[in-house]
Trainee: 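I'd like to ask you about the structure that follows.
By convention here, the first residue in the shown sequence is residue 1.
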Amino acid sequence: DEAAYLILHTLKLPLDRLEPFLDTKLTSEEIEAVRRVLRLRIEQRVPAAYLTHEAWLGDFRFYVDERVIVPRSYIAELLRDGLSPWVKDPESAGAALDLCTGSGCLAILLAQTFPNARVDATELSPDALEVASRNVSDYGLEKRIRLVRGDLFAGLTGPFQLIVSNPPYVNADSMAALPPEYRAEPQMALAGGQDGLDIVRRILSGAGA
């Protein structure tokens, strides 16, 4: 699937329609372009999302590069159902918070899911915030999403009716054993301390306030 995706993306073909193009003859320039991308993926183990500068969560496309982790949060699937049964009326949500926003993907999905919510999104990395700002702008959500550079709850004014987060959660042993694809991603977005729960504990201890 990933090979097909890389080839279709490189050739600027529809990403969900491989079969009509299986017998297509490529130009020499197209062949070299495909070979270049596949060499980077296979020999240097560059994540596919960094090669195409995009990642998808359902029907939503986000710009990504080496400054952010590749979006793959299960929270996106929960947001598809409006966080039911925890949120009974999506239109009633007035203030939402995304901690450790990275590329801004979950903040954007929050804004899409809860049409009346104002969304704050925090991130410690200034590089990641640049990517998040680009994605927020791409979706025209600058007036509804406020990006904040800070450490978790620092600089925020609550209360928030809803908090989501995909924080660093990888434990030390797993960090040491990560394959090259994951080591290409920002370490600060993955490493969660010895047991992987350093940031999680801080979130849980501060969320109530």
Trainee: For the CG atom of D173 and the CG atom of D195, what is their distance to the nearest 0.5 Å?
Mentor: 10.5 Å

Trainee: Return yes if some donor-acceptor pair links the side-chain N/O of E123 with the main-chain N/O of L129 below 3.5 Å, else return no.
Mentor: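 A pair under 3.5 Å: no.
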
Trainee: Is a donor on one side and an acceptor on the other found under 3.5 Å between the side chain of Q161 and the backbone of A95?
Mentor: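 Yes; judged by distance alone, with no hydrogens or angles, the pair exists.
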
Trainee: Whether E30 and K12 form a salt bridge (side-chain N of Lys/Arg under 4.0 Å from carboxylate O of Asp/Glu) is what I want to check.
Mentor: no

Trainee: Does atom OH (Y139) have a neighbourhood of more than 12 heavy atoms from anything else shown, all under 6.0 Å?
Mentor: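 Yes, OH of Y139 has more than 12 neighbouring heavy atoms, counting only those of other groups under 6.0 Å.
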
Trainee: Quick one: are P71 and V64 in side-chain contact, heavy atoms under 4.5 Å?
Mentor: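 Yes; the side chains approach each other to less than 4.5 Å.
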
Trainee: Got more than 12 heavy atoms from elsewhere within 6.0 Å of OH, Y169?
Mentor: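 No.
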
Trainee: Donor-acceptor pair, S205 side chain versus R202 backbone, under 3.5 Å?
Mentor: yes

Trainee: Answer yes or no: does atom CD of E32 have more than 12 heavy-atom neighbours from other residues, nucleotides or ligands under 6.0 Å?
Mentor: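 Yes.
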
Trainee: What are the two closest heavy atoms between C100 and I199, and how far apart are they?
Mentor: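 Shortest heavy-atom contact: SG-CG2, 4.5 Å.
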
Trainee: Do the side chains of R72 and E185 get close enough for a salt bridge, i.e. N-O under 4.0 angstrom?
Mentor: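 Here R72 pairs with E185 in a salt bridge, since their nearest N and O are under 4.0 Å apart.
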
Trainee: Dump the intermediate steps for side chain to side chain contact (heavy atoms under 4.5 Å, CB included) on I163 and F153, then the final yes or no.
Mentor: CA-CA 11 Å; I163 300 174; F153 300 105; 4.1 Å; yes

Trainee: Yes or no on side chain to side chain contact (heavy atoms under 4.5 Å, CB included) for T10 and R36, after CA distance, side-chain angles and deciding distance?
Mentor: CA-CA 10 Å; T10 301; R36 183 185 66 82; over 6 Å; no

Trainee: Does a side-chain heavy-atom distance below 4.5 Å link M175 with Q187?
Mentor: yes

Trainee: Restricting to non-hydrogen atoms, name the atom on I69 and the atom on Y50 that form the minimum distance, rounded to 0.1 Å.
Mentor: CA-OH, 4.1 Å

Trainee: How far does NE2 of H53 sit from CZ of R61, to the nearest 0.5 angstrom?
Mentor: 10.0 Å

Trainee: Say whether, by atom type as modelled, one donor and one acceptor occur between the side chain of T101 and the main chain of D98 under 3.5 angstrom.
Mentor: no

Trainee: Work out which heavy atom in E130 is nearest to a heavy atom in R67; give both atom names and the distance.
Mentor: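 Looks like OE1-NH1, 2.8 Å.
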
Trainee: Between R144 and A111, is there a donor-acceptor pair closer than 3.5 Å when you use the side chain of the first and the backbone of the second?
Mentor: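 Flag set: sc R144 to bb A111 pair under 3.5 Å.
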
Trainee: Check the pair W56, L15 against side chain to side chain contact (heavy atoms under 4.5 Å, CB included), reporting the backbone distance first and the verdict last.
Mentor: CA-CA 11 Å; W56 293 80; L15 299 181; 4.0 Å; yes

Trainee: Please check if atom CG in D89 has more than 12 non-hydrogen atoms from other residues, nucleotides or ligands closer than 6.0 Å.
Mentor: yes

Trainee: Could you state whether Y63 and V70 fall into the same hydrophobic cluster, counting links through intermediate Ile, Leu, Val, Met, Phe, Trp or Tyr residues with side-chain heavy atoms under 4.5 angstrom apart?
Mentor: no

Trainee: Mind checking the CZ-OG1 spacing from R41 to T52? Nearest 0.5 Å is all I need.
Mentor: 11.0 Å

Trainee: Please report the shortest heavy-atom distance between A76 and L57, naming the atom on each side.
Mentor: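 Where A76 meets L57 most closely, the heavy atoms are CB-CD1, 4.0 Å.
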
Trainee: Does one hydrophobic cluster hold both I108 and F160, with members joined at side-chain heavy-atom distances below 4.5 Å?
Mentor: no

Trainee: Quick one: does L99's side chain get under 4.5 Å of L97's, heavy atoms only?
Mentor: yes

Trainee: So which atom in S137 and which in E142 form the shortest heavy-atom distance, rounded to 0.1 Å?
Mentor: OG-OE2, 3.3 Å

Trainee: When hydrophobic residues are tied together by side-chain contacts of less than 4.5 Å, even through go-betweens, does V46 share a cluster with L8?
Mentor: yes

Trainee: Between atom CG of D120 and atom OG1 of T157, what is the distance when rounded to the nearest 0.5 Å?
Mentor: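 It comes to 8.5 Å.
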
Trainee: Quick one: CG on L51 to NE2 on H9, what's the gap to the nearest 0.5 Å?
Mentor: 9.5 Å

Trainee: Please report the interatomic distance CE(M188) to CG(L124), rounded to the nearest 0.5 Å.
Mentor: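 Those atoms lie 4.5 Å apart.
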
Trainee: Hey, quick one: are Y74 and V170 part of the same hydrophobic cluster, counting side-chain heavy atoms closer than 4.5 Å, chains of contacts allowed?
Mentor: no

Trainee: Should we say atom CZ of R201 is surrounded by more than 12 heavy atoms from elsewhere, each under 6.0 Å from it?
Mentor: yes

Trainee: Are L11 and T24 side-chain neighbours, meaning at least one heavy-atom pair lies under 4.5 Å?
Mentor: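 The answer is no, as the side chains (C-beta and beyond) never meet within the 4.5 Å cut-off.
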
Trainee: Determine whether I145 and L83 fall in the same hydrophobic cluster, where Ile, Leu, Val, Met, Phe, Trp and Tyr are linked whenever their side-chain heavy atoms lie under 4.5 Å apart.
Mentor: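 The answer is yes; both residues are in one hydrophobic cluster.
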
Trainee: Shortest non-hydrogen contact from I203 to S165?
Mentor: CD1-OG, 3.6 Å

Trainee: Going by atom types only, do D81 and S84 share a side-chain donor-acceptor pair under 3.5 Å?
Mentor: no

Trainee: Show, in sequence, the C-alpha distance, side-chain angles and deciding distance for L109 and F62, and conclude whether the side chain to side chain contact (heavy atoms under 4.5 Å, CB included) test is met.
Mentor: CA-CA 11 Å; L109 293 181; F62 301 99; 4.2 Å; yes

